[in-house]
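Notes to accompany the following structure.
First listed ligand is number 1; within each ligand, the first listed atom is number 1.
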Amino acid sequence: MPDHAQPKPPATEPHGELVIRTIAMPADTNANGDIFGGWLMSQMDLGAAIVAKNLSRSRVTTVAVDGMVFLNPVYVGDIVNCHATLLKVGRTSMKIDIEAWVQRGRDGTLLKVTEGIFTYVAIDEQGRPHPVHR
Ligand SMILES: CC(C)(COP(=O)(O)OP(=O)(O)OC[C@H]1O[C@@H](n2cnc3c(N)ncnc32)[C@H](O)[C@@H]1OP(=O)(O)O)[C@@H](O)C(=O)NCCC(=O)NCCS
């Protein structure tokens with residue numbers, strides 16, 4: 001089998017800067033009693049926005065979220081960590097990869113939950129795109 005056809009082993013450790021750390025609470029559950037995916041996405045959005053704001057030193061808005069797949073459920077009491085990696089800076093946009101991991105149980109077993117690419121646009125006071133580097 002050629003090398004590129006080998007299946008990728010599951011990620012064993014997070015990549016990127018730790019930008020959000022929080023605990024999943026009962027108020028964030030869905031109808032199944034697990035953590036609502038929208039809550040997790042909002043944590044990832046907040047974490048990536050911090051990176052984009054710090055880089056552009058301006059207001060930013062989310063323009064796209066790509067490639068998200070939920071690999072494992074999140075449970076109440078899990079410690080949720082979001083790790084960010086800046087992938088690309090365009091004229092007005094910034095692409096940031098965010099990995100969400102949980103630490104679970106007494107031994108704090110690490111488990112990757114999801115990953116996605118969040119794109120932000122630097123905007124002025126009127127909400128119009130403006131260059132990241134002015
Ligand atoms: C984001 C927004 C300001 C962009 O305005 P626009 O007039 O479409 O701007 P442009 O076409 O000049 O695109 C601006 C940048 O975004 C990028 N972009 C636009 N659509 C994109 C998409 N679907 N995916 C990735 N990048 C995108 C462009 O490539 C461009 O990047 P660059 O300047 O680095 O080359 C506007 O679409 C908007 O306000 N959207 C709503 C955002 C929002 O409310 N988000 C929160 C949702 S709750």
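Residues Val19 and Trp101 are members of separate hydrophobic clusters, defined by side-chain heavy-atom contacts under 4.5 angstrom among Ile, Leu, Val, Met, Phe, Trp and Tyr. Residues Tyr75 and Leu110 do not share a hydrophobic cluster, clusters being chains of Ile/Leu/Val/Met/Phe/Trp/Tyr side chains in contact below 4.5 Å. Taking hydrophobic clusters as Ile, Leu, Val, Met, Phe, Trp and Tyr residues chained together by side-chain heavy-atom distances below 4.5 Å, Val102 does not share a cluster with Ile23. Side-chain heavy atoms closer than 4.5 Å link hydrophobic residues (I, L, V, M, F, W, Y) into clusters, and following such links, possibly through other members, connects Val65 to Met94. A chain of hydrophobic side-chain contacts below 4.5 Å, direct or via other Ile, Leu, Val, Met, Phe, Trp or Tyr residues, connects Val76 to Leu111.
For atom 34 (O) of ligand 1, the nearest protein heavy atom is under 4.0 Å away. Per-atom contact check: atom 29 (O) of ligand 1 does not touch the protein, criterion being a heavy-atom distance below 4.0 Å. In this structure, atom 9 (O) of ligand 1 is in close contact with the protein, since a protein heavy atom lies within 4.0 Å of it. Under the 4.0 angstrom criterion, atom 2 (C) of ligand 1 counts as lacking any protein heavy-atom contact. Checking atom 38 (C) of ligand 1 against the protein gives no heavy-atom contact under 4.0 Å. Within a 4.0 Å radius of atom 5 (O) of ligand 1, the protein has at least one heavy atom. Within a 4.0 Å radius of atom 43 (C) of ligand 1, the protein has at least one heavy atom.
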* To do: Check the pair Val51, Phe118 against side-chain contact (heavy atoms from CB on, under 4.5 Å), reporting the backbone distance first and the verdict last.
  => CA-CA 11 Å; Val51 175; Phe118 287 66; over 6 Å; no

* Asked: So Asp78 and Ile35, side-chain contact (heavy atoms from CB on, under 4.5 Å) or not? Walk me through it.
  -> CA-CA 10 Å; Asp78 283 349; Ile35 295 299; over 6 Å; no

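Looking only at protein heavy atoms, the nearest one to atom 13 (O) of ligand 1 is Thr92 OG1, 4.7 Å. At the top of the distance list for atom 20 (N) of ligand 1, counting protein heavy atoms only, stands Val63 CG2, 3.7 Å. Protein heavy atom closest to atom 17 (C) of ligand 1, with residue, atom name and distance, is Ser93 CB, 4.2 Å. For atom 47 (C) of ligand 1, the closest heavy atom belonging to the protein is Thr62 O, 4.5 Å.
Taking all heavy atoms of Ala49, Ala122, Ala64, Pro131 into account, the minimum distance to atom 22 (C) of ligand 1 is reached by Ala64.
Nearest heavy-atom pair, Thr62 versus Tyr120, reported as atom, atom and distance to 0.1 Å: OG1-CE2, 3.3 Å. Considering every non-hydrogen atom in both Ile123 and His130, the closest pair reads O-NE2, 3.5 Å.
The proximity of Val121 to ligand 1, defined as any non-hydrogen pair under 4.0 Å, is limited to the side chain. Under 4.0 angstrom from ligand 1, the non-hydrogen atoms of Pro129 all belong to its side chain.
Of the possible donor and acceptor atoms, one in the side chain of Asn30 sits under 3.5 Å from a partner among the backbone N and O of Gly33.
Backbone and side-chain nitrogen or oxygen atoms of Thr119 are examined, and none is located within less than 3.5 angstrom of a nitrogen or oxygen of ligand 1. Taking distance alone, with nitrogen or oxygen atoms compared against 3.5 Å, Lys95 stays at or beyond that limit from ligand 1.
Taking a cut-off of under 4.0 Å to the non-hydrogen atoms of Gly127, the atoms of ligand 1 that pass are 3 (C). Of all the atoms in ligand 1, the ones that sit under 4.0 Å from a non-hydrogen atom of Gly90 are 34 (O).
Using a 4.5 Å heavy-atom threshold, the side chains of Ile50 and Asn54 count as touching.
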